[in-house]
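For reference, the structure is listed below as structure tokens.
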Amino acid sequence: MAAVAFSTTTNTRFPSLSTDPLGPKSGRSRSGMFPRGCRLPSRRRMLESVLAHVATRPDILVPASPAPETCRDGEGKLVAWTSIRQERWEGELVVDGDIPLWLKGTYLRNGPGIWKIGDHDFHHLFDGYATLVGLHFENGRLTAAHRQIESEAYKAAVKNNRLCYREFSEVPKPENFLAYVGELANLFSGASLTDNANTGVVKLGDGRVVCFTETIKGSIQIDPDTLETVGRFQFEDDLGGLIHSAHPIVTDTEFLTLLPDLLRPGYLVVRMEPGTNQRKIIGRVDCRGGPMPGWVHSFPVTEHYVVVPEMPLRYCAQNLLKAEPTPLYKFEWHPSSGSYMHILCKASGKVVASLEVPPHVTFHFVNAYEEQDEDGRVVGVVVDSCEHNADTSILQKLSLQNLRSFSGVDCLPDARVGRFRLPLDGSARGELKAALDPDHHGRGMDMCTINKAYLGKKYRYAYACGASRPCNFPNTLTKIDLVEKTAKNWHEEGAVPSEPFFVARPGAVVEDDGVVISLITDKNGEGYALLLDGSTFEEIARGKLPYGLPYGLHGCWVPNTE
């Protein structure tokens with residue numbers, strides 16, 4: 001492949017790519033690389049005309065203003081952990097292999113992309129300002145783009161050349177004691193909390209696309225066609241609160257999430273109907289342990305129940321007030337307080353079981369389903385999770401210093417597919433065991449997805465990131481077979497893959513009939529979009545990106561149904 005050359009001239013064919021350092025504002029031209037059929041016919045014709053003249057070029061590069069930090073790291077292997085080269089880019093990718101013709105739509109991936117502002121280097125993977133990446137598949141061709149999400153936190157940082165809001169491990173440095181007192185007041189009101197929506201992205205049942213983080217104010221709507229920021233997603237209810245689960249459960253018919261109550265320790269379980277911005281309470285779960293609710297980064301559901309996890313990794317008010325990062329950031333580990341799983345009925349809002357379970361550390365749940373007896377009565381709930389063997393050190397291992405300093409010595413904490421069995425017979429305890437031998441996936445496990453048609457139902461396959469040791473971060477893509485209790489692994493030396501996202505083939509009747517999409521940064525610092533066959537887990541295509549992208553977190557699929 002020929003070397004990629006960057007032009008410094010302004011591209012006039014795509015007016016969405018202005019030289020404004022903060023990009024087009026909401027309400028400007030909706031031009032972009034993601035046409036949606038007849039809804040925007042003039043833009044589609046423009047795209048086809050342009051591509052007809054550049055089909056033989058290795059890449060189409062569109063220059064734009066650089067990101068607040070331009071990475072010039074000498075070691076390509078660190079590109080996954082350094083800021084993105086420029087704020088925005090879009091173009092068609094040269095593809096090696098064959099993209100299935102049925103794959104029509106846009107894969108969106110959200111995640112941190114800028115870890116430096118001014119002379120301030122961020123501490124943690126979760127701190128970075130959000131970069132949204134889009135891959136648009138149509139007629140066997142692949143176009144790509146990335147944009148910064150224009151949160152108030154990001155815009156203020158660019159304008160003032162410094163940190164202005166509280167991020168995961170970062171607190172703005174007050175100039176004096178009075179400023180510190182004022183900042184604390186803003187913390188309690190929520191004014192100083194970030195709206196940097198750098199964690200997930202979902203398509204709501206009504207078609208709107210929203211990016212999320214754990215602060216409620218960090219819910220930002222984006223345009224999936226152009227990747228431009230539309231504006232803050234405002235919840236139109238009186239539930240209040242400052243934080244929620246970063247991973248709501250979203251289907252075509254509902255939106256479910258958890259609101260931790262830090263004052264009266266517990267969780268509100270809420271639902272939002274498609275086409276509305278109003279959350280309504282289904283029920284409440286009171287914490288059985290203390291002194292604060294456990295972290296609820298994600299949670300599982302079944303067909304009839306919401307499962308509310310109460311981890312002993314609990315929010316900590318004292319750590320929230322500190323101006324410097326603590327070993328566990330805004331959390332504390334309280335194994336003596338107990339670890340619980342609460343099962344709440346969606347229909348009645350009642351807690352039907354509250355079971356003590358072994359201590360665990362889980363960022364991401366895989367799936368859950370109900371077990372029935374021979375008469376069809378529900379007798380228990382099975383919950384699968386990416387479980388870190390109750391080892392809280394994984395939080396510190398995700399510091400940027402650790403990720404950038406790998407010397408070949410294995411230092412990734414072990415993880416497994418942890419399977420909870422929660423009986424509904426009045427038992428006081430549930431069990432937690434490995435669903436398969438963790439050595440099958442290198443004792444690494446996180447960033448999991450499934451076939452969405454099996455959400456809350458009995459299922460067989462999951463796709464995640466595993467490990468090829470030695471490593472300091474998950475470095476394989478893994479297909480888990482929970483019936484055969486085996487795993488298939490994709491691995492390239494030095495590559496850093498992001499979450500494998502499964503897209504089912506339209507009309508498929510077999511669970512793993514589809515493709516798996518992941519964005520890869522390789523050992524040389526270059527990048528590509530990878531497609532694996534969902535069944536065989538063999539590579540079927542890859543599209544070369546103009547440069548390696550920072551590591552991203554979670555994604556969603558926006559199908560082209562036209």
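Throughout, residue positions are numbered sequentially from 1 according to the sequence presented. Treat the numbers as computed from the prediction; the structure is a model and nothing was measured.
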(message) I'd like to know whether Phe420 forms a ring-ring contact (aromatic ring centres under 6.0 Å, His included) with His360, so could you lay out the CA-CA distance, the side-chain angles of the two residues, the decisive distance to 0.1 Å, and finally the verdict.
(response) CA-CA 10 Å; Phe420 295 89; His360 61 284; 5.0 Å; yes
(message) Please give me the minimum heavy-atom distance between Ser518 and Pro497, naming the atom from each residue.
(response) OG-CB, 3.9 Å
(message) Using a 6.0 Å cut-off, check whether atom NZ of Lys485 has over 12 heavy atoms from anything other than its own residue.
(response) yes
(message) Check Glu387 with Arg416, please: is the shortest side-chain N to carboxylate O separation under 4.0 Å?
(response) yes
(message) I'd like to know if the side chain of Asp533 reaches the main chain of Ser535, judged simply by a donor and an acceptor atom lying under 3.5 Å from each other, with no hydrogens or angles considered.
(response) yes
(message) So, taking the atom named CG in Leu436 and the one named CE in Met445, what distance separates them when rounded to the nearest 0.5 Å?
(response) 7.0 Å
(request) Quick one: sort the Trp490 and Tyr528 rings into parallel, tilted or perpendicular, breaks at 30° and 60°. (result) perpendicular
(message) Using a 3.5 Å distance criterion without hydrogens, assess whether the side chain of Trp81 forms a donor-acceptor pair with backbone atoms of Pro550.
(response) no
(request) Test Leu422 against every option in Met341, His342, Glu370 by the side-chain contact (heavy atoms from CB on, under 4.5 Å) rule and name the one that passes. (result) Met341
(message) Ile343 and side-chain contact (heavy atoms from CB on, under 4.5 Å): which single residue from Val381, Val383, Thr302 fits?
(response) Val381
(message) Testing the 3.5 Å rule here: is there a donor-acceptor pair between the side chains of Arg208 and Asn277?
(response) yes
(message) Side chains of Ser468 and Asn475 only: does a donor on one sit below 3.5 Å from an acceptor on the other?
(response) no
(request) Look at the side chain of Asn198 and the backbone N and O of Pro112, then say whether any donor-acceptor pair between them is shorter than 3.5 Å. (result) no
(message) Between Thr476 and Gly466 (side chain of the first, backbone of the second, donor and acceptor by atom type, cut-off under 3.5 Å), is there such a pair?
(response) yes
(message) Check whether Asp127 reaches the backbone of Ser169 with its side chain - one donor and one acceptor, N or O, closer than 3.5 Å.
(response) yes
(message) Below 30° counts as parallel, above 60° as perpendicular, anything between as tilted: where do the rings of Phe137 and Trp557 land?
(response) tilted
(message) Using only atom types and a distance under 3.5 Å, with no angle test, would you say the side chain of Gln221 pairs donor to acceptor with the backbone of Thr229?
(response) no
(message) Ignoring hydrogens, what is the shortest heavy-atom contact between Cys465 and Pro474? Give both atom names and the distance.
(response) CB-CB, 3.8 Å
(request) Taking atom types as modelled, find out whether Thr213 and Thr215 have a side-chain donor-acceptor pair closer than 3.5 angstrom. (result) no
(message) I need the minimum non-hydrogen distance between His441 and Ala415, along with the two atoms involved.
(response) CE1-O, 3.6 Å
(request) Please determine if Arg147 and Glu90 form a salt bridge, counting it only when a charged side-chain N lies under 4.0 Å from a carboxylate O. (result) yes
(request) First locate atom CD of Gln86, then atom CD of Gln148, and finally report the distance between them rounded to the nearest 0.5 Å. (result) 10.5 Å
(request) Give the minimum heavy-atom separation between Arg232 and Lys217, together with the two atoms involved. (result) NE-O, 3.4 Å
(request) For the pair Glu499 and Arg109, find out whether any cationic side-chain nitrogen is under 4.0 Å from an anionic carboxylate oxygen. (result) no
(request) For the residue pair Leu477 and Phe537, establish whether any side-chain heavy-atom pair is separated by less than 4.5 Å. (result) yes
(request) Decide yes or no on side-chain contact (heavy atoms from CB on, under 4.5 Å) for Leu412 and Arg443, but give the supporting numbers first. (result) CA-CA 9 Å; Leu412 176 69; Arg443 305 184 316 282; over 6 Å; no
(message) Ignoring hydrogens and geometry beyond distance, is a side-chain donor-acceptor pair present between Asp384 and Tyr459 at under 3.5 Å?
(response) yes
(request) Report yes if the distance between the aromatic ring centroids of His364 and His554 is under 6.0 Å, otherwise no. (result) yes
(request) Please check if the distance between the ring centroids of Tyr329 and Phe126 is under 6.0 Å. (result) no
(request) Evaluate the side-chain proximity of Tyr107 to Val558: yes if any heavy-atom separation is below 4.5 Å, no if none is. (result) no
(request) Using the side-chain contact (heavy atoms from CB on, under 4.5 Å) rule, take Ser219 and His244 through it: C-alpha gap first, then chi angles, then the decisive distance, then the call. (result) CA-CA 10 Å; Ser219 305; His244 58 179; 3.6 Å; yes
(message) What I'd like to find out is whether the side chain of Met272 reaches to under 4.5 Å of the side chain of Phe235, using heavy atoms alone.
(response) yes
(message) For the residue pair Glu167 / Thr194, report whether a side-chain donor-acceptor contact shorter than 3.5 Å exists.
(response) yes
(message) Quick one, Phe299 with Phe365, criterion ring-ring contact (aromatic ring centres under 6.0 Å, His included). Give me CA distance, side-chain angles, the key distance, then yes/no.
(response) CA-CA 6 Å; Phe299 63 99; Phe365 288 90; 8.4 Å; no
(message) Regarding Glu254 and Arg271, does a basic nitrogen lie under 4.0 Å from an acidic carboxylate oxygen?
(response) yes
(request) Look at the side chain of Asn196 and the backbone N and O of Gly128, then say whether any donor-acceptor pair between them is shorter than 3.5 Å. (result) yes
(request) Using only heavy-atom distances, determine whether the side chains of His388 and Asp446 contain a donor-acceptor pair under 3.5 Å. (result) yes
(message) For the backbone of Asn524 and the side chain of Asp522, can you confirm whether one donor and one acceptor N or O come within less than 3.5 Å of each other?
(response) yes
(request) Look at Glu493 together with Lys523 and state whether they make a salt bridge at an N to O cut-off of under 4.0 Å. (result) no
(message) Could you tell me if Glu150 and Tyr129 have a donor-acceptor pair between their side chains, going purely by distance under 3.5 Å?
(response) no
(message) Out of the candidates Leu519, Leu531, Thr143, only one should pair with Leu135 under the side-chain contact (heavy atoms from CB on, under 4.5 Å) rule; please name it.
(response) Leu519
(message) Salt bridge or not between Lys488 and Glu538? Use side-chain N to carboxylate O under 4.0 Å.
(response) no
(request) Decide whether His146 and Thr131 meet the rule of one side-chain donor and one side-chain acceptor closer than 3.5 Å. (result) no
(message) Are Phe502 and Ile517 packed together at the side-chain level, in the sense that at least one heavy-atom pair is separated by less than 4.5 angstrom?
(response) no
(message) If I compare all heavy atoms of Asn367 with all of Gly456, which pair ends up nearest, and what's the gap?
(response) OD1-N, 2.9 Å
(request) Decide whether a cation-pi geometry holds between Lys479 and Tyr461; the criteria are a distance under 6.0 Å from NZ or CZ to the six-membered ring centre and an angle within 45° of the ring axis. (result) yes
(request) Give the C-alpha distance, both sets of side-chain angles, the deciding distance and a yes or no for ring-ring contact (aromatic ring centres under 6.0 Å, His included) between Tyr463 and Phe501. (result) CA-CA 7 Å; Tyr463 302 90; Phe501 191 89; over 10 Å; no
(message) So that I can tick it off, tell me whether Glu273 and Lys280 are bridged by a salt bridge, with the cut-off set at under 4.0 angstrom between side-chain N and carboxylate O.
(response) no
(message) Between Asp414 and Arg469, does any side-chain N to carboxylate O distance fall below 4.0 Å?
(response) yes
(request) Find out whether His124 and Leu398 are in side-chain contact, i.e. whether some heavy atom of one side chain is under 4.5 Å from a heavy atom of the other. (result) yes
(message) Could you tell me if the side chain of Trp333 sits less than 4.5 Å from the side chain of Pro312, heavy atoms only?
(response) yes
(request) Taking Asn389 for its side chain and Asp391 for its backbone only, find out whether a donor-acceptor pair lies under 3.5 Å. (result) no
(message) If I compare all heavy atoms of Ala130 with all of Asn110, which pair ends up nearest, and what's the gap?
(response) CB-OD1, 3.7 Å
(message) Side chains of Leu259 and Val270, heavy atoms from C-beta outward: is any pair under 4.5 Å?
(response) yes
(request) Using modelled atom types only, decide if a donor and an acceptor are shared between the side chain of Thr362 and the backbone of Ser385 within a distance under 3.5 Å. (result) no
(request) Using a 4.5 Å cut-off on heavy atoms from C-beta on, say whether the side chain of Leu344 contacts that of Val285. (result) yes
(request) Check the pair Trp295, Phe363 against side-chain contact (heavy atoms from CB on, under 4.5 Å), reporting the backbone distance first and the verdict last. (result) CA-CA 9 Å; Trp295 187 23; Phe363 295 171; 3.3 Å; yes
